[in-house]
Amino acid sequence: MAKESQKIVAVDQDIPVIDMSLERSRVSMQIVKACETIGFFKVVNHAVDPDVTSRMEQESINFFAKPVLEKKSVFGYGLKDIGLKGDIGEVEYLLLHTKPLVLSQLSFGNDSTNSAVTCYVEAVKQLACEILDLTAEGLGLPPHTFSKLIRAVDSDSVLRLNHYPSSDQFLSGAKLSDMSVSLPRVGFGEHTDPQILTVLRSNEVGGLQVAFPDGRWVSVSPDPSAFCVNVGDLLQVMTNGRFISVRHRAVTTEDASRLSMAYFAGPSVHAKIGPLPAIITAADQPRLYRTFTWADYKKFAYSLRLGDNRLDIFRSCVDDEHDEIGS
Ligand SMILES: O=C(O)CCC(=O)C(=O)O
Ligand SMILES: [Fe+2]
């Protein structure tokens with residue numbers, strides 16, 4: 001039996017759904033509240049053109065329908081192995097760097113693929129920056145405090161396409177006659193996202209679950225017209241722990257395959273990340289994290305398992321650092 005702390009609720013009525021068309025100050029307050037209480041929310045009535053999303057989705061479907069050998073020849077493709085430390089899941093994925101030059105010369109698909117990916121990345125980047133600007137405003141910070149890190153020419157943001165096959169097509173080779181396939185399978189194990197902010201869109205098949213501070217795992221109902229947004233580790237650090245980098249996971253339970261497209265908005269590898277002085281001063285709080293570069297953080301994160309807590313090592317022991325953050 002599931003422990004109380006791991007209880008799953010079937011509905012996601014506790015997940016904030018933020019209507020981006022509402023009055024700006026209201027949206028910004030709602031975003032800040034969601035980031036502080038859960039670290040996760042959905043946005044609707046956003047500015048991403050549905051045609052741009054559909055084209056990206058179709059390119060993803062086309063890619064995952066290719067023979068495995070062909071997919072394996074594409075840089076960034078992964079089958080079941082997540083990271084380098086032995087984590088596995090019922091997932092195949094394609095990880096793409098979002099630098100314009102990389103996107104204009106993809107090693108799969110054709111010109112139309114390149115254009116679909118470029119347009120989608122631009123659209124979700126705009127959305128991530130808009131959400132981050134609203135976040136900064138809600139915190140009383142200069143509007144571009146966070147988004148300037150994403151807009152930097154050498155921003156290290158990535159797009160990951162995840163494909164979770166239906167339960168009758170498990171990658172592990174299990175068959176429907178196998179009783180265990182009716183149980184949820186781990187698609188993408190429990191983790192936090194390392195970057196600043198994640199903007200994720202999925203098809204109509206569910207599977208994403210988020211951990212609430214009270215210990216519940218809440219299943220997120222799929223809505224292809226919405227985007228799921230979650231706080232990443234770096235935003236937790238920059239807000240000195242005021243925002244929660246939410247733990248989440250994806251399970252496969254349905255007889256249909258799930259496709260998710262996650263844009264991870266990150267800074268340049270050289271960017272210095274640490275609690276923002278304005279946040280520490282405003283809350284009159286001790287500084288919880290030391291300053292580090294995104295390169296330092298990534299190097300350390302690669303040495304850990306997917307579900308490990310990566311932030312503890314960056315906890316502050318001293319209170320005397322005043323490096324310029326985000327430079
Ligand atoms: O597919 C999902 O809904 C979750 C994927 C995810 O958490 C990730 O790619 O980091
Ligand atoms: Fe994630």
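These numbers come from the heavy atoms of this one structure, side chains and all, not from hydrogens, waters or symmetry mates. Both ligands and their constituent atoms are indexed starting at 1 by order of listing.
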Check ion pair [X]-[Y] (N to O, under 4.0 angstrom):
X: Lys299; Y: Asp296; value: no
X: Lys42; Y: Asp223; value: no
X: Lys72; Y: Glu92; value: no

Please state the angle at the Fe ion (ligand 2) spanned by NE2 of His248 and NE2 of His191: what is it, rounded to 10 degrees?
->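 With the Fe ion (ligand 2) as the vertex, NE2 (His248) and NE2 (His191) sit 90° apart.
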Provide the atom name of the closest N, O or S atom of Asp193 relative to the Fe ion (ligand 2).
->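 Closest N, O or S atom of Asp193 to the Fe ion (ligand 2): OD1.
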Counting from 1, what ligand 1 atoms have a heavy atom of His191 closer than 4.0 Å?
->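 The atoms of ligand 1 under 4.0 Å from a heavy atom of His191 are 6 (C), 7 (O), 8 (C), 10 (O).
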If you count the atoms of ligand 1 from 1 in the order shown, which ones are under 4.0 Å from a heavy atom of His248?
->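 Under 4.0 Å from His248, ligand 1 has these atoms: 7 (O).
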Shortest protein heavy-atom distance from atom 9 (O) of ligand 1, along with the residue and atom involved =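 Closest protein heavy atom to atom 9 (O) of ligand 1: Arg160 NH2, 2.7 Å.
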Could you pull out all residues at least two apart from Lys85 that satisfy side chain to side chain donor-acceptor pair (under 3.5 Å)?
->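 Result, side chain to side chain donor-acceptor pair (under 3.5 Å) vs Lys85: none returned.
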State whether a side-chain donor-acceptor pair under 3.5 Å links Glu90 with Tyr164.
->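 No.
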Without hydrogens or angle criteria, can the side chains of Ser25 and Glu137 be said to hold a donor-acceptor pair below 3.5 Å?
->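 The criterion, which ignores hydrogens and geometry beyond distance, is not satisfied for Glu137 and Ser25.
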From the options Tyr164, Tyr93, Tyr263, Phe264, select the one whose nearest heavy atom is closest to atom 4 (C) of ligand 1.
->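 Of the listed residues, Tyr164 has the closest heavy atom.
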Determine whether any heavy atom of Arg258 lies closer than 4.0 Å to an atom of ligand 1.
->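 Right, Arg258 reaches ligand 1.
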For the residue pair Phe314 and Tyr297, does the interplanar ring angle fall in the parallel (under 30°), tilted (30 to 60°) or perpendicular (over 60°) class?
->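 Ring orientation, 0 to 90° scale: tilted.
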Taking heavy atoms and a distance under 4.0 Å, where does Arg249 meet ligand 1: side chain, backbone, both or neither?
->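 Near ligand 1, Arg249 shows nothing, with every heavy atom at 4.0 Å or more.
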Part of Asp193 with heavy atoms under 4.0 Å of ligand 1, whether side chain, backbone, both or neither |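 For Asp193, only side-chain atoms sit under 4.0 Å from ligand 1.
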